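Predicted model only: the values in this text are computed from it and were never measured. Each chain gets a letter, A, B and so on, in the order its sequence line appears, and its residues count up from 1.
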Amino acid sequence: MKIKSIKGVKDILPGEIEKWQWVESVAHMIFSRYGFKEIRLPIFEYTHLFKRSIGDTTDIVEKEMYTFTDKGGEEITLRPEGTASVVRSYIEHKMHGQNPLTKLYYFGPMFRYERPQAGRFRQFYQIGVEAMGSPSPAIDAEVMTLLIEFFKELGLNDLELQINSLGCKECRPQYREILKSAIQSHLGELCSNCNQRYERNPLRVLDCKVPRDGEIAKDLPKIKDHLCSQCDQDFAQVQKFLDSINTPYTINELIVRGLDYYNKTTFEVIAKTGLGSQNAVCGGGRYDSLVEDFDGPPTPCFGFALGMERLISILPEEKLQGLEQRPDVYLVCLGDEALKLAFPITHQLRGVGLYVEREVEGGSMKSQMRKANKLASRFTLIIGENEIKNKQYVLKNMDDGEQWEVAADTLAEAIQSRIKSLE
RNA sequence: GUGGGCGUAGCUCAGCCGGUAGAGCUCUGGAUUGUGGCUCCAGUGGUCGCGGGUUCAAAUCCCGUCGCUCACCCCA
């Protein structure tokens, strides 16, 4: 029985990890400009946290969660998303008492038991951003702007921001009933999936991909015609803010979201090319009553989560050049004495902050030079019998082939000044 | 859960009207006795996913199975 990783999970290897580190560093930089602070959350929680926040009848809770009983008999679930934990932590640490507006972001793995396909994994990584404590549409616009700026910094432009409003707990239930009664007369014509959706989440019928159902859906009542005046105004405000800084977006009335806690503004960012059918790079929106649902104070929130694997797979090639670190120096060692000497020299050079690789095995000079070349080292330092005798090593610039003698006792300074002259 | 495609060297793949494996890249060595990249030469590397069947003979045909992958669904 060959050892093997679990279906739907991936190792992120050197060569790939540099992209992740870069994306994370850009996230830290952009998000902190907007005053968001990182929060590190546990990857498992009590199961009921997810059941109550995401919704008992959603696909995620019904069939996708990794749930188990721990040795103490507790029902535990590997988190399928991050917002529930943020809300739990917000309440548990009484963050509302510290600041009227709490701005957090997180990064880490999520777990859903699904059939893997392009852009979909069982362990996948999300970056999430949550602004908690304000109902203002300015927050909606600001957080979406943060996201757009983040994408810009990553060099992504073939994206589309799609927004919608789902209404609030006043107007959404009314619309839901209006929609249900409109659907009822078509049940016979609609697909079996839509017949189930009619009961459980009638808004999803609007989004059905079966062609005949799409035709029917076109004539069903639209949510935008049934928003209460507050929701209507707020949604208009969000659009005005986006317009005021020329952020392009489209209104997509089919964005419904599969998690129960969303209301009012919702949005997705769709990759127009590069991903298959899993083309939503990011999704989010308002969840104004979730904190209250967990017995916290009334705390309207806006947030989003973006999928790292999907994001990374569409990063533009030109942004990925030069992410791998080049060694500053590779020590080429000829003979046993040189190999011994390489140890303290390497130690010394690393001590002054240089990235140093060294020959460990020995072997022909040719093969050592090849290794240095393979690692794309900027310089090689050649240490052989003559060099040791004369206390003068040979430093070679691997990009242009130029080489110099450098004195053993001023080695670090000589290398550093050579590197500096290149920059 | 449902359906399609694919499993041959470390990687990308060819071979598949049956006659027991090949290329490119990688790696190692050499051409160039202490100087990399380009070129040329040589070498290392394979239970042809696994199990069974047909056959004198199976990577090749048949059945089963596992894995990967894409799509539906759902979502990030």
So, A/Phe302 versus A/Phe267, ring centres under 6.0 angstrom or not?
-> yes
Interatomic distance, A/Arg115 CZ vs B/C75 C1' [rounded to whole Å] = 16 Å
Quick one: label A/Gly284 by what it contacts on the DNA or RNA (base, sugar-phosphate, nothing), any heavy atom closer than 4.0 Å.
-> nothing
Which part of the nucleic acid, if any, lies within contact of A/Leu311, taking any heavy atom under 4.0 Å across all strands shown: a base, the sugar-phosphate backbone alone, or nothing?
-> nothing
Closest to the A/Arg120 side chain: B/C73, B/G1, B/G37?
-> B/C73
Do other residues, nucleotides or ligands put more than 12 heavy atoms under 6.0 Å from A/Phe68 CZ?
-> yes
Give A/Glu62 one of three labels, base, sugar-phosphate or nothing, depending on what nucleic acid heavy atoms sit under 4.0 Å from its own.
-> nothing
Considering heavy-atom distances to RNA chain B, does A/Asp400 or A/Asp59 have its closest nucleotide positioned more toward the 5' end?
-> A/Asp400
Base, sugar-phosphate, or nothing: which does A/Gly128 touch, judged by heavy atoms less than 4.0 Å apart?
-> nothing
Taking the same atom, P, in B/C72 and in B/G29, what whole-Å distance lies between them?
-> 50 Å
Between A/Tyr113 (OH) and B/G1 (C1'), how many Å, whole number?
-> 10 Å
Residue matched to B/C40 through Watson-Crick or wobble contacts both under 3.5 angstrom | B/G30
Below 4.0 Å: OP1/OP2 of B/A76 and any side-chain N or O of A/Gln126 | no
Any side-chain N or O of A/Gln117 under 4.0 Å from OP1/OP2 of B/C72?
-> yes
Would you indicate what A/Ser367 reaches in the nucleic acid, counting non-hydrogen atoms under 4.0 angstrom: base, sugar-phosphate, or nothing?
-> sugar-phosphate
In whole Å, what separates the C1' atom of B/C27 from that of B/C66?
-> 31 Å
Could you give the CD-to-C1' distance, from A/Glu337 to B/G34, as a whole number of Å?
-> 16 Å
If you look at every strand shown and take non-hydrogen atoms under 4.0 Å, does A/Asn279 touch a base, only sugar-phosphate, or nothing?
-> nothing
Given the C1' atoms of B/U32 and B/U26, what is the spacing between them in whole Å?
-> 23 Å
How long is the line joining CG of A/Asn373 and C1' of B/C38, in whole Å?
-> 11 Å
Paired with B/U35 by Watson-Crick or G-U wobble geometry, both distances under 3.5 Å: which nucleotide is it?
-> none
What distance, rounded to whole Å, do you find between the two C1' atoms, one in B/C75 and one in B/A14?
-> 39 Å
Could you tell me whether A/Tyr261 and A/Tyr287 have their ring centroids closer than 6.0 angstrom?
-> yes
Rounded to whole angstrom units, what separation is found between the CE atom of A/Met110 and the P atom of B/A76?
-> 11 Å
Same-atom distance (P) from B/C70 to B/G43, integer angstrom = 39 Å
If you look only at distance, which donor and acceptor atoms sit under 3.5 Å apart when one is on a side chain in residues 360-368 of chain A and the other is two or more places apart or in another chain?
unit_1   : atom_1 : unit_2   : atom_2 : d
A/Ser364 : OG     : A/Ser367 : N      : 3.1
A/Ser364 : OG     : A/Ser367 : OG     : 3.3
A/Ser367 : OG     : A/Ser364 : N      : 3.4
A/Ser367 : OG     : A/Ser364 : O      : 2.8
A/Gln368 : OE1    : A/Cys333 : N      : 2.7
A/Gln368 : NE2    : A/Cys333 : O      : 2.7
A/Gln368 : NE2    : A/Gly363 : O      : 3.0

Any A/Lys4 side-chain N or O less than 4.0 Å from OP1/OP2 of B/C66 = no
Out of B/G34, B/A76, B/C70, which has the shortest distance to the side chain of A/Asn386?
-> B/G34
Is A/Arg79 reaching over with its side chain to a backbone N or O of A/Pro109, donor-acceptor style, under 3.5 angstrom?
-> yes
So what does A/Phe379 hit on the nucleic acid, given a heavy-atom distance under 4.0 Å: a base, only sugar-phosphate, or nothing?
-> nothing
Within less than 4.0 Å of OP1 or OP2 of B/U26, is there a side-chain N or O belonging to A/Arg370?
-> no
Figure out the NZ/P separation between A/Lys7 and B/C70, and round it to whole Å.
-> 12 Å
Taken in chain and number order and not counting sequence neighbours, the residues that satisfy salt bridge (charged side-chain N to carboxylate O under 4.0 Å, His left out) with A/Lys264 are A/Asp234
Using both distances under 3.5 Å as the test, list the Watson-Crick or G-U wobble partner of B/C73, or none.
-> none
Pick one: which of A/Val329, A/Val352, A/Asp328 meets side-chain contact (heavy atoms from CB on, under 4.5 Å) with A/Ile415?
-> A/Val329
Where the side chain of A/Ser364 is concerned, which of B/C74, B/G30, B/C73 is the nearest nucleotide?
-> B/G30
Pairing partner of B/C68, by Watson-Crick or G-U wobble and under 3.5 Å for both distances, is B/G5
pair_partner(B/C61), Watson-Crick or wobble, both distances < 3.5 Å, evaluates to B/G53
Go ahead and name the base partner of B/U47; Watson-Crick or wobble counts if both distances stay under 3.5 Å, otherwise write none.
-> none
Closest listed nucleotide, where the reference is the side chain of A/Ala280 and the choices are B/C70, B/A76, B/U35 = B/A76
How many Å lie between CD on A/Gln278 and P on B/A76, as a whole number?
-> 11 Å
Do A/Glu64 and A/Tyr66 have side-chain atoms, one donor and one acceptor, less than 3.5 Å apart?
-> no
Considering just the side-chain nitrogens and oxygens of A/Lys374, establish if one lies under 4.0 Å of OP1 or OP2 belonging to B/G36.
-> no
First encountered from the 5' end of RNA chain B, between A/Lys371 and A/Gln403 | A/Lys371
On a whole-Å scale, what distance lies between the C1' atoms belonging to B/C11 and B/C16?
-> 23 Å
Rounding to a whole Å, what distance do you find between A/Arg197:CZ and B/C73:C1'?
-> 8 Å
Does A/Lys366 place a side-chain N or O at less than 4.0 Å from the phosphate oxygens OP1/OP2 of B/G36?
-> yes
Minimum-distance nucleotide (side-chain atoms of A/Glu64 versus B/C74, B/A76, B/G34) = B/C74
When all nucleic acid strands are considered with a 4.0 Å heavy-atom cut-off, which category describes A/Ala118: base, sugar-phosphate, or nothing?
-> sugar-phosphate
Between B/U65 and B/G1, how far is it from one P atom to the other, in whole Å?
-> 14 Å
Among the candidates B/G1, B/A76, B/U35, find the nucleotide nearest to the side-chain atoms of A/Glu114.
-> B/A76
Taking only side-chain nitrogens and oxygens of A/Lys10, does any of them come within less than 4.0 Å of OP1 or OP2 of B/U69?
-> yes
Test A/Leu334 against A/Glu385 for side chain to side chain contact (heavy atoms under 4.5 Å, CB included), laying out the working first.
-> CA-CA 7 Å; A/Leu334 305 166; A/Glu385 283 172 28; over 6 Å; no
Could you give the distance separating B/U55 and B/U60 at their P atoms, to the nearest angstrom?
-> 16 Å
